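Not measured: the values here are computed from a predicted model.
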Amino acid sequence: MTVSIEQIPEEIILLIMQLLDYRSLINLSLTCRLFYELSNNSSTMWRNHCQRVWFINSRDNEEQSWRDLFIERYRDMGRYVDCCSTVSSIVHDFRTFLSENAPQLSAAVNHGCTENILDVVEEKLNNEAFGGGFPDDLRCFYRIMNGQNSYNCGLMGTLRFYDHFRCEDLLDVEYAGELLDSLDYIKMRRCWPLTRCVNTDVSQYIYLGMIGDDDDDTTQNDDSVTALSAASDANNASKWADEQMSKWVEQMSKWVGRSDKAKAGVLTRGCVFYCPRNYPPRHVFIVARSFTEWFRNYVTNLTKGNFPLEQQEILLFPRQPECVAITSGISISVATAFMPEMSTMVDNDNACRYWFAYRVTMSMSDSCIAADTCQLDRRHWEITDGRGKVEIVDGEAVIGDYPILSPGSSYSYISGTSFDTPTGSMSGFYTFHVISNNNSFDAEIPRFHMTIPAICSLWHLW
């Protein structure tokens, strides 16, 4: 039995049409008058597509149909149709978090820029052989949120370490372009600055080179990976050092770009990276494979409370729930952060040196009593590098302080260490005395691990 389209109830057809993506829906609407009228008159379908494609959940003009709103948005943002919803959602979460938790930082967020501004900047990039211009997700981000309007406020986080203060700002596209004109040190071929700290000159960059720009024999893994892997097999290496080195080498081997010829440590289009301290940089630390991945990771850490927020500052010490030890009501937790701006890679005869900051928080349970109030006297550290070599450090106080802990109170401090291997760990204990009876006890410091990001060579960019 043959059934014509007219015999199928419209409710069934509408249910089927609601399952289609916007491209299929448009193509279907062009096949016959019935489908055309059903698609045009269904506000539910086009409202869903506005939400899915453009992350639009409401209309400023209630008289405008959802279909017309979709078409209007497509005419303005059509080139970003495959990434607009994702980028818009991340920006929305970022703005919401800042407005609710850090209003001063929220006030620094810019609105989006115009397509014409991006075209002018991108034309200049192409003229200067910067590769294929901006990736679509980065362009889309600038259209929605063009960086920040005031600087040195740390929209992308801060990190204090003794007299070292990193305060990363999210650059707007115009200012980033000015930096390319005025600062020689960031004129690496096909690289664009995303962030900058005016105190340390550290920046995160995105690689704009097109896939296939660089030959396989010019971009290569750091030879130190092989050397350090061999060192981890030495007889004097501890079991932990073997495991950590293997994990790091495995991480490097799994680093895959978005082209068929990509391999571990290869800088592919869209990669976001930090430069080390030595200039000109011959290697970089890769932190993400695309702008979307980079920005999403940061915002996710914010919204999940992984980055501490203190006095309108976002501290770049991601929370590590497993890194906690409790002794006699004293809880000690540690979070770490890699410091690329203080680290050096192999360059001529200079040895590698990788720097890490760590933030220790100690607190006394509020279930303790006043008589349990205690004061820190000494510290004991066991510092293990990636080869298994252990260094013992004993000393009084922490950064010159002798903190007192009472029920419900806490104390935090930041210090740092460095390794000549890409991995390392620390553990130990603090010695306290109970103020009421002068009895001493040791509170365990949980072992915490430090690992550098993936690395790759930059010789071909100079």
Side-chain angles (χ1 to χ4, degrees), residues 97 100-102 154 157-166 240 301-339 356-384 390-417 424-451:
F97 175 86
E100 294 176 353
N101 300 278
T158 61
L159 195 155
R160 298 178 184 272
F161 175 61
Y162 294 111
D163 59 349
H164 182 87
F165 178 45
R166 187 209 301 173
W240 175 86
N301 276 318
L302 276 181
T303 56
K304 288 188 174 181
N306 291 337
F307 286 147
L309 182 63
E310 296 183 358
Q311 299 178 350
Q312 300 291 309
E313 284 188 1
I314 300 168
L315 306 184
L316 295 174
F317 289 95
R319 184 172 59 91
Q320 299 171 261
E322 73 285 355
C323 196
V324 179
I326 300 175
T327 306
S328 301
I330 302 296
S331 173
I332 296 175
S333 61
V334 186
T336 65
F338 176 58
M339 304 186 70
F356 298 86
Y358 56 86
R359 184 175 188 261
V360 179
T361 299
M362 55 188 75
S363 60
M364 178 178 283
S365 171
D366 54 12
S367 64
C368 295
I369 60 176
D372 295 325
T373 298
C374 58
Q375 184 172 22
L376 185 147
D377 296 319
R378 300 182 59 80
R379 68 189 186 280
H380 171 85
W381 287 112
E382 297 179 8
I383 306 172
T384 308
V390 179
E391 177 185 3
I392 304 298
V393 176
D394 289 289
E396 295 187 357
V398 289
I399 62 170
D401 287 347
Y402 296 86
I404 296 176
L405 295 180
S406 57
S409 69
S410 64
Y411 172 85
S412 297
Y413 76 95
I414 296 173
S415 189
T417 190
S425 76
M426 292 177 63
S427 62
F429 57 83
Y430 296 120
T431 300
F432 290 85
H433 75 272
V434 180
I435 294 177
S436 63
N437 57 25
N438 213 34
N439 289 339
S440 295
F441 66 95
D442 295 332
E444 178 190 357
I445 304 172
R447 179 179 293 275
F448 54 96
H449 308 291
M450 291 154 280
T451 303

**Request:** Heavy atoms only: give me the nearest Leu376-Asp401 pair and the separation to one decimal.
**Result:** CD2-O, 4.5 Å
**Item:** Partner residues of Asp163 under the side-chain hydrogen bond (donor to acceptor under 3.5 Å, both in side chains) criterion, sequence neighbours left out
**Value:** none
**Asked** Quick one: CZ on Phe338 to OG1 on Thr451, what's the gap to the nearest 0.5 Å?
**Response** 10.5 Å
**Item:** For Asn437, side-chain contact (heavy atoms from CB on, under 4.5 Å) partners two or more places apart
**Value:** Val434, Asn439
**Item:** Atom pair CD/CZ of Glu313 and Phe307 - distance to nearest 0.5 Å
**Value:** 14.0 Å
**Complete:** The side-chain contact (heavy atoms from CB on, under 4.5 Å) partners of Phe429 (sequence neighbours excluded) come to His380, Thr431, Asp442
**Request:** Measure the CD1-CD distance between Ile383 and Glu391 for me, rounded to the nearest 0.5 Å.
**Result:** 5.0 Å
**Complete:** Looking only at heavy atoms, the pair that brings Ala371 and Ser436 closest together is O-OG, 3.0 Å
Which donor-acceptor pairs under 3.5 Å do the side chains of residues 320-327 make with protein atoms, sequence neighbours left out?
residue : atom : partner : partner atom : Å
Gln320  : OE1  : Thr336  : N            : 3.2
Thr327  : OG1  : Glu444  : N            : 3.2

**Message:** Test of understanding: with side-chain hydrogen bond (donor to acceptor under 3.5 Å, both in side chains), list the residues that count as partners of Arg359, not counting sequence neighbours.
**Reply:** Glu310
**Asked** Is there a side-chain contact between Met426 and Ile445, using heavy atoms and a 4.5 Å cut-off?
**Response** no
**Asked** Please, which pairs that meet salt bridge (Lys or Arg N to Asp or Glu O under 4.0 Å) have at least one residue in residues 362-377, sequence neighbours excluded?
**Response** none
**Asked** Is any side-chain heavy atom of Leu405 closer than 4.5 Å to a side-chain heavy atom of Ser363?
**Response** no
**Message:** Applying side-chain hydrogen bond (donor to acceptor under 3.5 Å, both in side chains), can you list everything that pairs with Ser412, at least two apart in sequence or on another chain?
**Reply:** Thr361
**Prompt:** In Å, rounded to the nearest 0.5 Å, how long is the span from CG of Asn101 to CD1 of Ile314?
**Reply:** 9.5 Å
**Prompt:** Quick one: side-chain contact (heavy atoms from CB on, under 4.5 Å) partners of Ser427, sequence neighbours excluded?
**Reply:** Glu382, Arg447
**All pairs passing salt bridge (Lys or Arg N to Asp or Glu O under 4.0 Å) where residues 428-437 contributes a residue, at least two apart** = none
**Message:** Please enumerate all residues that pass side-chain contact (heavy atoms from CB on, under 4.5 Å) together with Tyr402, with sequence neighbours excluded.
**Reply:** Gln375, Glu396, Ala397
**Asked** Atom CZ of Phe97 and atom CG of Asn301: how far apart are they, to the nearest 0.5 Å?
**Response** 10.5 Å
**salt bridge (charged side-chain N to carboxylate O under 4.0 Å, His left out) partners of Arg319, counting only residues at least two apart** = none
**Asked** Can you name the closest pair of heavy atoms from Met339 and Ala357 and give their distance?
**Response** SD-CB, 3.6 Å
**Item:** Any side-chain heavy-atom pair of Met450 and Thr417 under 4.5 Å
**Value:** yes
**Request:** Kindly indicate whether a cation-pi arrangement holds for Arg379 with Tyr430, taking the cut-offs as under 6.0 Å to the six-membered ring centre and within 45° of the axis.
**Result:** no
**Message:** Let's go through Asp394 and Arg378 carefully: what are the C-alpha distance in whole Å and the side-chain angles of both, what is the deciding distance for side-chain contact (heavy atoms from CB on, under 4.5 Å) to 0.1 Å, and is it a yes or a no?
**Reply:** CA-CA 7 Å; Asp394 289 289; Arg378 300 182 59 80; 4.1 Å; yes
**Prompt:** How close do Tyr413 and Met362 get, heavy atom to heavy atom, and via which atoms?
**Reply:** CE2-CE, 4.1 Å
**Complete:** Ser415 and Tyr162 have their tightest heavy-atom pair at OG-OH, 3.1 Å
**Item:** Nearest non-hydrogen partners of Arg160 and Ile414, listed with the distance
**Value:** O-CG2, 3.1 Å
**Message:** My understanding is that only residues two or more places apart in sequence, or in another chain, count here; which of them pass side-chain hydrogen bond (donor to acceptor under 3.5 Å, both in side chains) with Ser365?
**Reply:** Ser367
**Message:** Return the CD1 to SG distance between Ile404 and Cys374, rounded to the nearest 0.5 Å.
**Reply:** 9.0 Å
**Request:** Apply the test side-chain contact (heavy atoms from CB on, under 4.5 Å) to residues Leu315 and Leu159: give CA-CA distance (whole Å), side-chain angles for both, the deciding distance (0.1 Å), then the verdict.
**Result:** CA-CA 6 Å; Leu315 306 184; Leu159 195 155; over 6 Å; no
**Prompt:** Between Phe441 and Phe432, what is the ring plane arrangement, given parallel below 30°, perpendicular above 60°, and tilted in between?
**Reply:** parallel
**Asked** Is the distance between the ring centroids of Tyr358 and Phe448 less than 6.0 Å?
**Response** yes
